[in-house]
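One structure below.
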Protein chains: 2
Amino acid sequence: MKQYEHPPAEAFLLTTILHALSDPYRLSIVQKLAVLQPQPCAPLQGNRPKSSVSHHFNVLRKAGLVRTVVEGVLHMNSLRNAELESRFPGLLDTILAAAAHSAECQGAE
Amino acid sequence: MKQYEHPPAEAFLLTTILHALSDPYRLSIVQKLAVLQPQPCAPLQGNRPKSSVSHHFNVLRKAGLVRTVVEGVLHMNSLRNAELESRFPGLLDTILAAAAHSAECQGAE
DNA sequence: CGAATAGTTCGACAATAATCGAACCATTAT
DNA sequence: ATAATGGTTCGATTATTGTCGAACTATTCG
């Protein structure tokens, strides 16, 4: 059962995080994870081919936003809330609050 | 004395703002403007050719982060603090605080 | 075992974005 | 008028990203 690599919190880069969240689809994934956690990739897929979904989860993982744990067949994703909070206090919450004000992720199924 | 176009606050898009700030050089410009405002482009140039600097200021303007006002020969830049705050409360401050924790813009001169 | 499910990896292609020189424009100073 | 300063625009080049099909891997179920 091979697992993923995740950067340690000390290695998080603000610009990488901002870049990861600057894509509407990735932002929508993070929004949905914020509501229900953990979740496998499938319900967050929304029409895209699996290879694209996989790519975007990779970007989120490398930025440190998402942790993925393999449990049987499912790859369960969660936000790295606590680590993000300790490294960049308030950042994720503020961005999620801003995203909630903003209609831009509606179509990002 | 031709001026610039700036999007109204209602048109700000979160993903566009995050993208604009995901570049280390642009983030460093915003950090410096946060300290001293307004400023012309020249002192924020840092080795880059003028055409690149102009490009990055454009990205910042289109995202709604920066307002540029022509005053004589100088193009004076300020952050659109109040408008950003009203549209996405806390966003800019939180990102600037995070940037201060992060050593990534040192080399972005 | 064989088939189904969930996701990854690879490689190609398309779209976006960054970089930079050269020519240009506007304002001020000489 | 001419020149200097501060910045833009254009166009070409390169680099980074996103998209997607096809083949593959791992786990579970019948």
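Both backbone and side-chain heavy atoms feed into the values below; hydrogens, waters and symmetry mates do not. Proteins get letters first, then strands, A, B, ... in listed order; numbering begins at 1 in each.
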Taking for A:Asn58 and for A:Val73 the nucleotide of DNA chain C with the nearest heavy atom, the one nearer the 5' end belongs to A:Val73

How many whole angstroms separate atom [atom1] of [X] from atom [atom2] of [N]?
{"X": "B:Lys62", "N": "D:dT8", "atom1": "NZ", "atom2": "P", "value": "12 Å"}
{"X": "B:Glu5", "N": "D:dT9", "atom1": "CD", "atom2": "P", "value": "11 Å"}
{"X": "A:Met76", "N": "D:dT27", "atom1": "CE", "atom2": "C1'", "value": "15 Å"}
{"X": "A:Tyr4", "N": "D:dA26", "atom1": "OH", "atom2": "P", "value": "12 Å"}
{"X": "A:Phe57", "N": "C:dT8", "atom1": "CZ", "atom2": "P", "value": "8 Å"}
{"X": "A:Gln45", "N": "C:dT8", "atom1": "CD", "atom2": "C1'", "value": "13 Å"}
{"X": "B:Gln39", "N": "D:dG7", "atom1": "CD", "atom2": "P", "value": "11 Å"}
{"X": "B:His75", "N": "C:dT28", "atom1": "NE2", "atom2": "C1'", "value": "13 Å"}

[Y] backbone acceptor or donor facing [X] side chain under 3.5 Å:
{"X": "B:Gln3", "Y": "B:Val70", "answer": "yes"}
{"X": "A:Ser22", "Y": "A:His19", "answer": "yes"}
{"X": "B:Asn77", "Y": "B:His75", "answer": "yes"}

Report the C-alpha separation of B:Met76 and B:Gln39 in whole Å, then their side-chain angles, then the decisive distance to 0.1 Å, and conclude whether the side-chain contact (heavy atoms from CB on, under 4.5 Å) test is met. CA-CA 5 Å; B:Met76 297 303 279; B:Gln39 267 189 89; 5.6 Å; no

Can you tell which of B:Val30, B:Leu27, B:Leu79 makes a side chain to side chain contact (heavy atoms under 4.5 Å, CB included) with B:Leu60? B:Val30

When you measure from the side-chain N and O atoms of A:Arg61 to the phosphate of C:dT8, is any distance below 4.0 Å, counting only OP1 and OP2? yes

Contact string for nucleotides 13-23 of chain C, one letter per nucleotide 5' to 3', B = base within protein heavy-atom range under 4.0 Å, S = sugar-phosphate only, - = neither, reads ----SSBBBB-

Only distances under 3.5 Å count here; give the side-chain donor-acceptor pairs of residues 82-97 of chain B to other protein atoms, sequence neighbours excluded, each with its distance to 0.1 Å.
| residue | atom | partner | partner atom | Å |
| --- | --- | --- | --- | --- |
| B:Glu83 | OE1 | B:Arg67 | NH1 | 3.2 |
| B:Glu83 | OE1 | B:Arg80 | NE | 3.2 |
| B:Glu83 | OE2 | B:Arg80 | NH2 | 2.7 |
| B:Glu85 | OE1 | B:Gly90 | N | 3.1 |
| B:Glu85 | OE2 | B:Gly90 | N | 3.3 |
| B:Ser86 | OG | B:Glu83 | O | 3.0 |
| B:Arg87 | NE | B:Ala9 | O | 2.9 |
| B:Arg87 | NH2 | B:Glu10 | O | 3.4 |
| B:Arg87 | NH2 | B:Phe12 | O | 2.7 |
| B:Thr94 | OG1 | A:Thr94 | OG1 | 3.4 |
| B:Thr94 | OG1 | B:Gly90 | O | 2.6 |

